[in-house]
2 protein chains.
Amino acid sequence: MAPGGSESGFRGPQVCSIVGITYRQLDYWARTDLLRPSLAEARGSGTQRLYSYSDLLELKVIKQLLDAGVHLREARRAVACLREGGDDLATANLVLVGGGTLLARSGEEIVDLLRGGQGVFNIVPLAGVVDELDAAIVAFRSAPGDEPVRRQTAPGATGDLTGGAALPRAAGES
Amino acid sequence: MAPGGSESGFRGPQVCSIVGITYRQLDYWARTDLLRPSLAEARGSGTQRLYSYSDLLELKVIKQLLDAGVHLREARRAVACLREGGDDLATANLVLVGGGTLLARSGEEIVDLLRGGQGVFNIVPLAGVVDELDAAIVAFRSAPGDEPVRRQTAPGATGDLTGGAALPRAAGES
DNA sequence: AGCCTGTCTGACACCGGCGTAACTACTCGG
DNA sequence: CCGAGTAGTTACGCCGGTGTCAGACAGGCT
């Protein structure tokens with residue numbers, strides 16, 4: 001298989017090493033409707049799933065939530081909110097409050113929520129997630145089966161990431 | 001300072017109905033060293049555990065975290081941080097970031113963390129926790145065996161929340 | 001076609017976090 | 001001193017989420 005050749009999406013094992021999850025997790029999440037591949041689903045043994053760039057982004061968010069000790073049930077709600085979220089995700093923060101999810105654009109918005117709300121807030125800064133994901137993709141393309149951690153090159157040089165799904169990187173994070 | 005402090009503390013089943021957890025949870029948490037009663041531990045069948053007011057506060061924080069879908073492992077770290085915190089917990093926010101815990105006194109502090117941090121933030125406004133806990137204690141004393149398990153949407157209009165029983169609420173909430 | 005390799009699939013097992021149900025031990029009123 | 005009630009303890013099992021492993025299958029290569 002050619003690591004730099006086909007641009008038609010990402011297959012299961014590729015997704016696993018890019019996002020940093022196990023194949024069992026990816027499979028379980030696809031079977032339980034947490035996140036199914038948007039480009040092509042498996043139709044039996046031997047076929048292959050194809051994930052888009054935005055799929056990877058959602059998977060990365062899920063992994064971050066799991067690493068932070070958040071339950072998969074909350075991750076399901078987060079994914080649902082991300083899909084409605086629109087296009088400029090890199091500058092927003094995903095906020096989970098008891099029973100609801102929303103995208104906060106500014107820090108002051110979060111402070112307002114903290115003042116009035118009772119309950120626990122789970123907040124995911126999406127800019128960092130996008131950064132990590134792009135760096136992991138670039139590292140994977142340069143060395144698919146080797147050391148995954150490489151220096152962070154500007155992903156804008158790669159042109160098209162996955163056709164039409166690539167998000168333009170915003171510069172500032174504040 | 002603590003409601004109910006005039007007596008010798010809170011016993012297991014009382015704690016369960018005040019905090020809103022099951023006896024099995026309380027027992028499991030005591031056995032796995034998440035939170036052991038600080039006043040008296042069980043020394044065999046028939047004896048009884050005695051929990052202090054600050055025990056109840058920690059238990060309430062744990063329950064809030066669980067309700068928000070946070071794993072028990074994170075709750076263990078949160079408890080450790082709460083014990084190191086000062087006395088004025090009611091004005092602070094408990095913040096869990098990947099691998100670390102801290103108490104943030106102001107909203108701006110949280111915004112600063114959000115700017116630079118990469119990872120998921122779990123934030124617990126402790127003022128709301130104290131409110132709910134005091135209200136539950138007052139409700140329990142007026143109707144010890146009557147009150148069913150109340151939902152998270154505390155009535156709040158109980159009136160004499162701070163009537164000689166609760167901690168003095170210092171900071172405005174909105 | 002036959003082989004090889006990569007990928008999906010199914011069955012089994014494991015562990016954390018409890019629920020349920022018995023059992024046990026202490027306390028209290030009489 | 002004895003029965004009732006209460007509270008802690010043990011035993012067993014369930015369920016969600018994964019690791020492990022063997023098996024099934026598509027597609028490319030010879």
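In what follows, every chain begins at residue 1, and chains take the letters A, B, ... in the order their sequences are listed.
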Rounded to the nearest Å, what distance is computed from the CG atom of residue A:L50 to the P atom of nucleotide C:dT7?
11 Å
First of B:R11 and B:D27 reached from the 5' end of DNA chain D, by closest nucleotide:
B:R11
So salt bridge (Lys or Arg N to Asp or Glu O under 4.0 Å) across residues 89-108 of chain B, not counting sequence neighbours, yields B:D88-B:R105
Work out which heavy atom in A:L72 is nearest to a heavy atom in A:L34; give both atom names and the distance.
CD2-CD1, 3.2 Å
Among B:T91, B:D131, B:N93, B:L94, which one satisfies side-chain contact (heavy atoms from CB on, under 4.5 Å) with B:P125?
B:N93
N-O pairing of B:E41 and B:R49 below 4.0 Å:
no
Please find the pair of heavy atoms, one from A:T47 and one from A:A42, that lie closest to each other, and give the distance.
OG1-CA, 3.5 Å
After noting the C-alpha distance and the side-chain angles of A:Y53 and A:I137, does the key distance pass the side chain to side chain contact (heavy atoms under 4.5 Å, CB included) rule?
CA-CA 10 Å; A:Y53 176 82; A:I137 290 177; 3.6 Å; yes
Output one line per pair: protein atom, nucleotide atom from nucleotides 13-19 of chain D, and distance, for all N/O pairs under 3.5 Å.
from	atom 1	to	atom 2	distance (Å)
D:dG17	OP2	A:Y28	OH	3.0
D:dT18	OP1	A:Q25	NE2	3.4
D:dT18	OP2	A:W29	NE1	3.1
D:dG19	OP2	A:T22	OG1	2.6

Can a donor-acceptor pair be found, under 3.5 Å and without considering hydrogens, that links the side chain of B:D67 to the backbone of B:Q64?
no
With B for base contact, S for sugar-phosphate-only contact and - for none (protein heavy atoms under 4.0 Å), nucleotides 23-30 of chain D reads BBBS----
Counting only N and O atoms by type, is there a donor-acceptor contact under 3.5 Å from the side chain of B:E74 to the main-chain atoms of B:H71?
no
What is the nucleic acid contact for B:R31, judged by heavy atoms within less than 4.0 Å: base, sugar-phosphate only, or nothing?
base
Can you tell me how far C1' of C:dC8 sits from CD of A:Q14, to the nearest Å?
15 Å
